[in-house]
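Notes to accompany the following structure.
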Amino acid sequence: MSATLPDSAPAATTDDEAPERRVRSAPLFLSAPAALLFVALVLTPLFLTALLSFNQFDYATGRTGGFTLEHYLSVLTDEYYLEIFFRTFRISALATAICVVIGVPEAYILSRMGNPWRSVFLLVILAPLLVSVVVRAFGWSMLLGPEGPVNGALIALGIGRMKLLYTEGTVVVALVHVMLPFMVIPVWTSLQKLDPAVEQAALSFGASRGTAIVRVVAPQILPGILSGSLIVFGLSASAFAIPGLLGGRRLKMVATVVYDQYLSDLNWPMGAAVAVILLAANLIIMLTYHRVVEGHYRRRLG
């Protein structure tokens, strides 16, 4: 019996470890299809676009080939492109700030509603997402056009017709209209996780409603505000339909420049370079903003 014990012990250990290995490897097997899909549909196109941005372009033949940094140098040293990038990030930041100012109170009111009004207003907030962005952009162009209802009301009031289309203000308003649900939903989700007794405790200690919201509720929903801000800013900076239809040919943003380079000038390497720079700049801005807000959140709540 003493001779058989050492031989049976490793076998028992192996039999016990096999189910544990299967349990540990299960997440890898389950996530493999999604990882392969992400690599095939996201990373591969990005990699090919980055490679294309380094190709030389021949305007005479329209062919690409070779290796060059000329497209990046042209974009980063040309005031025309720098102004477009600055305009894009300025409009995106303004649209994000307005979405925060409107979306956070809207999400707070929505979280304090009872049924069935909460479901009704949540449907009202999400309903615009069912309509194409192009259709909504055309709607704004008809509303703010020279013969639209807004100018008609201004003429009736004696103010006179104003140029509302093809301005930065129009693009910002349309972006806020399109992006507002992406701000409301993350903030509302954060508010759903917040215990209402926390706010009630602040009120019981003599704090006003505004003070309780600003100093108690707002710091705890910063992750939701951060998520919504990143989504709105990223989508606004890369928006194409609204700047293209409401900004016109003169008020260009980066996405419209990429479109022109690809389909009008047929300079694919330049369009790829502009797209890569936009992606890199977006990542830098969003990561910096994330670090600042997350640091503030940790300092406030420990």
Side-chain angles (χ1 to χ4, degrees), residues 34 37-38 41-42 45 88-89 91-145 148-150 164-165 167-194 221-247 251 253-256 258-259 275 278-279 282-283 285-286 289-290 293:
L37 193 65
F38 178 77
L41 299 182
V42 178
T88 299
F89 294 131
I91 291 176
S92 302
L94 183 57
T96 303
I98 296 175
C99 284
V100 171
V101 172
I102 299 176
V104 174
E106 189 173 346
Y108 177 80
I109 295 172
L110 182 67
S111 67
R112 295 300 183 262
M113 285 183 175
N115 291 321
W117 293 110
R118 178 186 299 175
S119 301
V120 172
F121 280 93
L122 184 61
L123 181 62
V124 170
I125 293 172
L126 297 179
L129 297 178
L130 303 178
V131 182
S132 171
V133 176
V134 177
V135 174
R136 283 184 278 177
F138 272 118
W140 278 106
S141 64
M142 295 175 63
L143 184 67
L144 301 176
V150 175
L164 300 175
L165 285 179
T167 61
E168 289 190 12
T170 299
V171 175
V172 170
V173 170
L175 284 175
V176 170
H177 172 238
V178 172
M179 303 300 172
L180 190 58
F182 297 104
M183 175 61 68
V184 174
I185 298 305
V187 177
W188 179 68
T189 304
S190 296
L191 286 166
Q192 291 297 106
K193 300 176 182 178
L194 180 63
I221 61 172
L222 271 180
I225 298 175
L226 174 62
S227 300
S229 301
L230 294 177
I231 295 172
V232 171
F233 183 85
L235 293 177
S236 299
S238 59
F240 168 73
I242 290 176
L245 295 174
L246 300 179
L251 189 66
M253 292 177 64
V254 176
T256 56
V258 175
Y259 175 85
L278 174 63
L279 175 62
N282 255 339
L283 289 176
I285 294 174
M286 294 169 69
Y289 176 72
H290 180 274
V293 175

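Only a predicted model underlies this, so the values are computations on that prediction, with no experimental measurement involved. By convention here, the first residue in the shown sequence is residue 1.
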Residue pair Phe89 / Ala237: nearest heavy atoms and the distance that separates them:
CE2-CB, 4.3 Å

Rounding to 0.5 Å, atoms CG (Leu180) and CD1 (Ile185) come to a distance of 9.5 Å

For Ser111, is there any backbone N or O sitting under 3.5 Å from a side-chain donor or acceptor partner on Arg118?
yes

In terms of heavy-atom contacts, does CE of Met113 have more than 12 from other residues, nucleotides or ligands at under 6.0 Å?
yes

Take the angle between the ring planes of His177 and Trp140 and call it parallel below 30°, perpendicular above 60°, tilted in between.
perpendicular

Looking at CD of Gln192 and CG of Leu110, how far apart are the two atoms once the value is rounded to the nearest 0.5 Å?
7.5 Å

Could you go step by step and tell me if Tyr289 and Leu226 meet the side chain to side chain contact (heavy atoms under 4.5 Å, CB included) rule?
CA-CA 8 Å; Tyr289 176 72; Leu226 174 62; 3.5 Å; yes

Would Val171 and Glu168 satisfy side chain to side chain contact (heavy atoms under 4.5 Å, CB included), going step by step from the backbone distance to the final call?
CA-CA 5 Å; Val171 175; Glu168 289 190 12; 5.6 Å; no

Testing Leu235, Leu246, Ile242 for side-chain contact (heavy atoms from CB on, under 4.5 Å) with Leu175, which one passes?
Ile242

Please list every donor-acceptor pair under 3.5 Å in which a side-chain atom of residues 123-132 meets a protein atom from a residue at least two apart or in another chain.
unit_1, atom_1, unit_2, atom_2, d
Ser132, OG, Val134, N, 3.2

Is it true that, when you exclude Phe121 itself, more than 12 heavy atoms of the residues, nucleotides or ligands shown sit nearer than 6.0 Å to its CZ?
no

Under the side chain to side chain contact (heavy atoms under 4.5 Å, CB included) criterion, do Leu122 and Trp188 qualify, and how do the steps go?
CA-CA 10 Å; Leu122 184 61; Trp188 179 68; 4.0 Å; yes

Enter the distance from Ile225:CD1 to Leu230:CG here, rounded to the nearest 0.5 Å.
12.0 Å

Value rounded to 0.5 Å, distance of CD in Glu106 from SG in Cys99
10.0 Å

Distance-minimising heavy-atom pair for Met183 and Val100:
CE-CG2, 3.4 Å

OG of Ser227 to CG of Leu222, rounded to nearest 0.5 Å, is 10.5 Å

Between Ala255 and Ala239, what is the shortest heavy-atom contact and its length?
CB-O, 3.1 Å

Using side-chain contact (heavy atoms from CB on, under 4.5 Å) as the criterion, point out the one residue from Leu164, Leu165, Leu245 that pairs with Ser141.
Leu165

Value rounded to 0.5 Å, distance of OG in Ser229 from CZ in Phe182:
14.0 Å

Closest heavy-atom pair, Val254 versus Thr88, reported as atoms and distance to 0.1 Å, is N-OG1, 3.1 Å

Closest approach of Pro243 to Met253 (non-hydrogen atoms, all atoms of both residues)
CG-SD, 3.3 Å

Please report the shortest heavy-atom distance between Pro186 and Gly224, naming the atom on each side.
CB-O, 3.5 Å

Got a sec: does the CZ of Phe240 have more than 12 other heavy atoms crowding it under 6.0 Å?
yes

Taking it one step at a time, do Val104 and Ile221 satisfy side chain to side chain contact (heavy atoms under 4.5 Å, CB included)?
CA-CA 9 Å; Val104 174; Ile221 61 172; 4.3 Å; yes

